[in-house]
Amino acid sequence: MSLKILYIAEIVGKAGVFAVKKVLPQLRRDRGVDFVIAGADGVTGGAGLGRNHAMYLRKIGVDVLVTGDCSYFKKDIVEHFQKSSAILRPANYPEGNPGRGWKAYDCKGSKIIVLSLLGQAGFSRTHLANPFLTLQELGPRLARESPIIIVDFHAATTAEKRSLFAFADGKVSAAIGSHTRVASADWEISEKKSAFVTEAGRTGSCLSVGGLDAGTRIEEYMSGIPDWSRESWDGIEFQALLMEIEDSGRATSIERIRISVETPHEETRQSDRLDGEET
């Protein structure tokens with residue numbers, strides 16, 4: 001038997017949440033999806049995940065939410081990490097940090113292990129343990145739990161991602177790169193039957209800068225003053241990867257999914273239950 005596992009590329013802002021709401025329920029039915037993982041590091045305002053958004057995404061069909069360098073950006077999620085087994089922060093954060101870096105989830109009589117790791121290159125505000133050594137240390141323990149292991153590697157550079165993929169080849173079912181929010185065209189299944197992609201992309205506005213308003217991002221580069229206050233609603237897309245993984249842990253297929261979503265009217269954006277701001 002094989003499982004169909006959907007990985008939703010990083011959800012950015014309310015437009016991303018809107019896209020998941022519109023697409024996921026029917027996609028899950030039509031494609032027979034068994035399990036859904038979503039990149040959630042930029043859900044709330046483009047940086048971090050708020051508690052309300054986490055609960056809402058779970059309600060509309062996401063099984064696991066993985067975060068990255070913005071794991072603790074929203075204050076209300078820190079306590080929620082302890083309460084919800086469906087939210088993961090990178091496993092190479094210091095021991096004792098709120099939350100968990102991996103978990104085994106029951107699915108149709110099998111167990112799916114989801115592991116979150118954060119890269120070291122390019123992050124000025126976080127300096128975590130070596131993800132290669134973390135994977136090396138955890139690997140035997142995870143394999144004893146289940147042969148189906150999905151890794152979300154939230155990293156900034158292609159070199160670090162591809163190096164980790166080579167290191168993990170044959171040891172995991174899939175390793176998916178996230179963080180840069182621009183989908184790469186190199187999804188593949190290796191000879192050892194591990195599925196890889198350097199960057200999954202993003203779900204939300206694609207006619208934007210990382211899901212945010214281009215004008216404010218340009219002004220930030222010109223002035224040096226950070227401004228993440230305006231999300232974009234232009235060119236909304238649902239982006240994802242659909243993988244088939246055998247009970248043995250071997251990946252048999254990986255498919256990229258892109259679905260355009262009609263931009264809602266302004267009043268819908270304001271009234272629709274896509275809030276999720278900190279309370």
Side-chain angles (χ1 to χ4, degrees), residues 1-11 23 27-28 30-41 63-64 66 68 88 90-91 102 105 107 110 112-122 131-132 134-136 138-139 142-143 146-203 206 210 237-259:
M1 188 183 79
S2 63
L3 296 174
K4 289 189 176 182
I5 300 173
L6 184 74
Y7 178 97
I8 302 175
E10 189 166 331
I11 303 165
V23 172
L27 179 67
R28 192 162 190 167
D30 291 351
R31 300 299 300 269
V33 174
D34 299 304
F35 194 77
V36 179
I37 305 165
D41 205 47
D63 295 301
V64 181
V66 289
L88 300 179
W102 68 273
Y105 300 91
C107 180
S110 299
I112 299 171
I113 292 176
V114 182
L115 168 66
S116 173
L117 292 172
L118 185 70
Q120 290 185 306
F132 292 78
T134 301
L135 180 58
Q136 183 178 56
L138 284 174
L142 302 184
S146 173
I148 303 174
I149 303 171
I150 311 296
V151 179
D152 173 76
F153 189 36
H154 199 88
T157 68
T158 298
E160 190 176 16
K161 289 177 180 178
R162 298 304 303 186
S163 296
L164 185 108
F165 295 170
F167 180 69
D169 193 10
K171 303 171 187 174
V172 303
S173 304
I176 300 166
S178 60
H179 175 67
T180 58
R181 301 181 182 177
V182 179
S184 60
D186 60 348
W187 59 94
E188 61 177 315
I189 295 177
S190 72
E191 291 184 1
K192 295 181 180 179
K193 300 302 179 182
S194 293
F196 299 119
V197 66
T198 302
E199 174 58 49
R202 70 177 177 268
T203 291
C206 289
E237 278 193 14
F238 177 95
Q239 297 185 356
L241 296 161
L242 182 60
M243 300 167 285
E244 287 197 48
I245 311 292
E246 294 179 340
D247 283 343
S248 63
R250 292 158 59 94
T252 57
S253 70
I254 181 169
E255 172 190 353
R256 186 181 178 198
I257 293 174
R258 295 181 63 182
I259 300 174

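In this chain, numbering begins with 1 at the start of the sequence shown.
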Peer 1: Are the side chains of Val197 and Ser184 in touch, meaning some heavy atoms are under 4.5 Å apart?
Peer 2: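 Side chain of Val197 against side chain of Ser184, heavy atoms only: contact under 4.5 Å found.
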Peer 1: Classify the angle between the aromatic ring planes of Phe132 and Phe153 as parallel (below 30°), tilted (30 to 60°) or perpendicular (above 60°).
Peer 2: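 The rings of Phe132 and Phe153 stand perpendicular, inter-plane angle above 60°.
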Peer 1: Run the side-chain contact (heavy atoms from CB on, under 4.5 Å) test on Asp41 and Ser178 for me, step by step, so that the C-alpha distance in whole Å, both residues' side-chain angles and the decisive distance to 0.1 Å come before the verdict.
Peer 2: CA-CA 9 Å; Asp41 205 47; Ser178 60; over 6 Å; no
Peer 1: For Ile149 and Ala143, which heavy atoms make the closest approach, and how far apart are they?
Peer 2: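 Of all heavy-atom pairs spanning Ile149 and Ala143, the closest is CD1-N, 4.2 Å.
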Peer 1: Got a second to check how far Tyr105's OH is from Ile5's CD1, nearest 0.5 Å?
Peer 2: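 Interatomic distance, Tyr105 OH to Ile5 CD1, rounded to 0.5 Å: 12.5 Å.
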Peer 1: With side chains defined as the heavy atoms from C-beta onward, is the minimum distance between Leu88 and Val114 less than 4.5 Å?
Peer 2: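 They are in side-chain contact.
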Peer 1: Which pairs, with at least one residue in residues 164-174 and sequence neighbours excluded, count as a side-chain hydrogen bond (donor to acceptor under 3.5 Å, both in side chains)?
Peer 2: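 Sorted pair list: Asp169-Ser190.
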Peer 1: Hey, are Glu188 and Lys193 close enough for a salt bridge, meaning a charged N less than 4.0 Å from a carboxylate O?
Peer 2: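 No.
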Peer 1: Within the side chain of Glu237, is there an N or O that forms a donor-acceptor pair under 3.5 Å with the backbone of Ile259?
Peer 2: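 No; judged by distance alone, with no hydrogens or angles, the pair does not exist.
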Peer 1: Taking all atoms of both residues into account, what is the closest heavy-atom pair of Pro90 and Leu117, and its distance?
Peer 2: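 Looking at all heavy atoms of both residues, the closest pair is CB-C, 4.0 Å.
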Peer 1: Carefully, step by step, assess Leu27 and Leu6 under the rule side-chain contact (heavy atoms from CB on, under 4.5 Å).
Peer 2: CA-CA 10 Å; Leu27 179 67; Leu6 184 74; 3.9 Å; yes
Peer 1: What is the distance from atom CZ of Phe196 to atom OG1 of Thr198, rounded to the nearest 0.5 Å?
Peer 2: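 Going from CZ on Phe196 over to OG1 on Thr198, the span is 10.0 Å.
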Peer 1: Should Ser110 and Leu3 count as side-chain neighbours, where that means a heavy-atom distance under 4.5 Å?
Peer 2: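 Yes, at least one pair of side-chain atoms sits under 4.5 Å.
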Peer 1: For Arg162 and Asp186, work out which heavy atoms get closest and say how close.
Peer 2: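 The pair with the smallest heavy-atom distance is NH1-OD2, 3.2 Å.
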Peer 1: Please examine the side chains of Ser2 and Arg250, heavy atoms only from C-beta on, and report whether any two atoms are closer than 4.5 Å.
Peer 2: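 A side-chain contact under 4.5 Å is absent here.
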Peer 1: Output the distance between atom CE (Met243) and atom OH (Tyr7), rounded to the nearest 0.5 Å.
Peer 2: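 The OH atom of Tyr7 is 9.0 Å from CE of Met243, to the nearest 0.5 Å.
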Peer 1: To the nearest 0.5 Å, tell me how far Ile176 CD1 sits from Ile150 CD1.
Peer 2: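 Reported value, rounded in 0.5 Å steps: 6.5 Å.
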Peer 1: Run Lys161 and Glu199 through salt bridge (Lys or Arg N to Asp or Glu O under 4.0 Å) and show every step you take.
Peer 2: CA-CA 9 Å; Lys161 289 177 180 178; Glu199 174 58 49; 2.9 Å; yes
Peer 1: CG of Leu115 to CG of Asp152: how many Å apart, nearest 0.5 Å?
Peer 2: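 Reported to 0.5 Å precision, the distance equals 9.0 Å.
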Peer 1: Applying side-chain contact (heavy atoms from CB on, under 4.5 Å) to Val172 and Ile113, what does each step give before you reach the verdict?
Peer 2: CA-CA 10 Å; Val172 303; Ile113 292 176; over 6 Å; no
Peer 1: Nearest heavy-atom pair of Phe35 and Ile37: which atoms, and what distance?
Peer 2: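 Closest pair (atom of Phe35, atom of Ile37, distance): CE2-CG1, 3.7 Å.
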Peer 1: Which heavy atom in Pro147 sits nearest to a heavy atom in Ser248, and how many Å separate them?
Peer 2: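 Looking at all heavy atoms of both residues, the closest pair is CB-O, 3.3 Å.
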Peer 1: Show your reasoning for whether salt bridge (Lys or Arg N to Asp or Glu O under 4.0 Å) applies to Asp34 and Arg28.
Peer 2: CA-CA 8 Å; Asp34 299 304; Arg28 192 162 190 167; over 6 Å; no
Peer 1: If we only count heavy atoms from C-beta on, is the Ile257 to Leu241 side-chain gap below 4.5 Å?
Peer 2: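 Counting from C-beta outward, Ile257 and Leu241 never come under 4.5 Å.
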Peer 1: Indicate the atoms forming the closest heavy-atom contact of Ser194 with Gly170, along with that distance.
Peer 2: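 Answer, listing the atom of Ser194 first, then Gly170: OG-N, 2.9 Å.
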Peer 1: Could you go through the side-chain contact (heavy atoms from CB on, under 4.5 Å) check for Phe238 and Ile8 one step at a time?
Peer 2: CA-CA 8 Å; Phe238 177 95; Ile8 302 175; 3.9 Å; yes
Peer 1: Looking at CD of Glu160 and CG of Leu118, how far apart are the two atoms once the value is rounded to the nearest 0.5 Å?
Peer 2: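 Answer rounded to 0.5 Å: 8.0 Å.
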Peer 1: Does Arg181 pair with Glu10 as a salt bridge, N-O distance under 4.0 Å?
Peer 2: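 A salt bridge links Arg181 with Glu10.
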Peer 1: Considering only NZ, NE, NH1 and NH2 on the basic side and carboxylate oxygens on the acidic side, decide whether Arg31 and Glu255 come within less than 4.0 Å.
Peer 2: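 Glu255 and Arg31: salt-bridged.
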